[in-house]
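A, B, ... follow the sequence lines: proteins, then strands. Residue 1 opens every chain.
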There are 2 protein chains.
Amino acid sequence: MGQDRKSGKGDTDGDAVREPSQAERTRQDILEVATREFAEKGYSGARIDEIAALTSTTKRAIYYHYESKQGLFIAVLENAYRGIRALEATLDLDHLEPADSIRTLAGFTFDYQWAHADFVRLVMVENIHHGAHLEAAVSLRNVNVPILDAVHRVYARGVATGVFRPGIEPIDIHMTISALAFFNVSNRFTFSRIFDHDLGDPAIRAARRSVVIDTVLRFLQADAPAAG
Amino acid sequence: MGQDRKSGKGDTDGDAVREPSQAERTRQDILEVATREFAEKGYSGARIDEIAALTSTTKRAIYYHYESKQGLFIAVLENAYRGIRALEATLDLDHLEPADSIRTLAGFTFDYQWAHADFVRLVMVENIHHGAHLEAAVSLRNVNVPILDAVHRVYARGVATGVFRPGIEPIDIHMTISALAFFNVSNRFTFSRIFDHDLGDPAIRAARRSVVIDTVLRFLQADAPAAG
DNA sequence: GTCTATAGCTCGATAGAC
DNA sequence: GTCTATCGAGCTATAGAC
């Protein structure tokens, strides 16, 4: 039952974007289900059996394709990082007014992380485990560095035109944006419950979004010359 | 072996600060070990056997005193929140210049969260589990609300004297401080590894500390009147 | 100390494409 | 016949519970 493959070939086709092979579709299916499972339950709480049950394949296939629970988690993590960095790369921050670029980047980061809570939660899970799995994902440095370059270019333009104050490290800009966007998702449940302030509420989130953008801009803005 | 209790009584003594009973010491011992275990391995990764082995008691005693793994985790969480709020309460923010109060609070939060990574990690673990355990810890609202009041008073003083701009919600001030302090601990491993920028390095941490304080202050500061 | 359930993982075998 | 992708069943260790 269920022999829905198209052609038996399609293995080492070096040219155009071909239809994914059955194996590729299986791997993708596993990856998506595993992303949800790990993000929901954490690394130790995630169950390979549960992942298998929600897939169109079996547990045996998961071990065949990803070797181990660790191997699967690493693949999930890599995939998640690639997701945000790929979208960031489409932002075209170089052709906007510097302050608008920062507004765009901070707003995008805030929205993306909210919409992709799985990404945020996977990063939390990985940090709980001291970043041990990321060690095996060497390629990720190249995936993540471009965002620093982009921030650097925007910041340099802003300093040149006098709208940004000098002396700030690009990594501090990126970290501030990330921290403010991350917290809304990472601490959503504890914060909402403790302060009776639902971070999931659209109105509250919209207000927070402007505060975050505002905070980042004020951090960068050149001080107005004193009157008098 | 090991019958080091002082007296067989000491159970319901309602007056002064007495020496803790043997039972209290056992509970405290378990709590400390469990805090480390849950913070290190996450909720599902934590092993009651492991906690028992590092305690001076047995697994049986843990279930006697805390009923279940969940019960133990809730006790650990409550204890951790109480820790930071109790220290915050000693800051005496009402008698400093408003900007200095904010500097003190932001600096304290940054330092405390770094020094008590266990607290940060427990909060992460609880959020991974959608804040489910916090529901059982009703008393925590009263523990956490005072910090909002304190921020409100400082902010109001600052607006009155003209150093802070009006229109900001105290919860946004607290959230911004928390987010910026939290991130350094919560994302320490992924961030350090991905950007080759060790957040554990004392020099890097000190620099980040000033950036965080600076960011919070600039968020609050009244705009300088334009020259001209 | 002992029970029961279940975790991660492995083995043997299979069906179809070359 | 070999290589790839897959499956059902079962192994060993250890979890939480009492």
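The shortest heavy-atom contact between A:Ile171 and B:Phe195 is CD1-CB, 3.9 Å.
A donor-acceptor pair shorter than 3.5 Å can be found between the side chains of A:Asn144 and A:Arg85. B:Arg208 and A:Thr176 share a side-chain donor-acceptor pair at under 3.5 Å.
Rounded to an integer number of Å, the gap from A:Ile62 CD1 to D:dC7 C1' is 13 Å. Regarding A:Tyr66, its OH atom lies at a distance of 17 Å from the P atom of C:dG8, rounded to whole Å. Atoms CZ (A:Arg47) and C1' (C:dA5) sit 12 Å apart, rounded to a whole Å. Rounded to whole Å, atom P of C:dG8 lies 11 Å from atom CD of A:Glu50. Atom-to-atom, CZ of A:Arg27 to P of D:dA5 comes out at 9 Å; the value is rounded to the nearest Å. Going from atom OH of A:Tyr43 over to atom P of C:dA7 covers 14 Å, rounded to whole Å. Between the P atom of C:dA7 and the CD atom of A:Gln70 lies a distance of 18 Å, rounded to the nearest Å. Across the protein-nucleic acid pair, A:Tyr64 atom OH and D:dC3 atom P stand 12 Å apart, rounded to whole Å.
Nucleic acid contact for B:Ala52: none, since no nucleic acid atom lies under 4.0 Å from a heavy atom of the residue.
Contact between the side-chain N/O atoms of A:His65 and the OP1/OP2 oxygens of D:dT4 is not found at any separation under 4.0 Å. Within the 4.0 Å cut-off from OP1 or OP2 of D:dT6, at least one side-chain nitrogen or oxygen of A:Thr26 is found. Of the side-chain N and O atoms in A:Arg60, none sit less than 4.0 angstrom from OP1 or OP2 of D:dT6.
Of all nucleotides listed (C:dC9, D:dA17, D:dC7), D:dC7 comes nearest to the side chain of A:Thr57. Taking only side-chain atoms of A:Ala61, from C-beta outward, the nucleotide of D:dC7, D:dA17, C:dG8 with the closest atom is D:dC7. For A:Ile48, the listed nucleotide lying nearest its side chain is C:dG8; candidates were C:dG8, C:dC11, D:dT6. Listed nucleotides: D:dG16, D:dC7, C:dC9. Nearest to the side chain of A:Lys59: C:dC9. For B:Tyr63, taking side-chain heavy atoms from C-beta onward, the closest of the listed nucleotides D:dA17, C:dC11, C:dG8 is D:dA17.
Annotation for B:Gln28: atom CD counts as buried by contact number, over 12 foreign heavy atoms lying within 6.0 Å.
Aromatic ring centroids of A:Phe182 and B:Phe183 lie under 6.0 Å apart.
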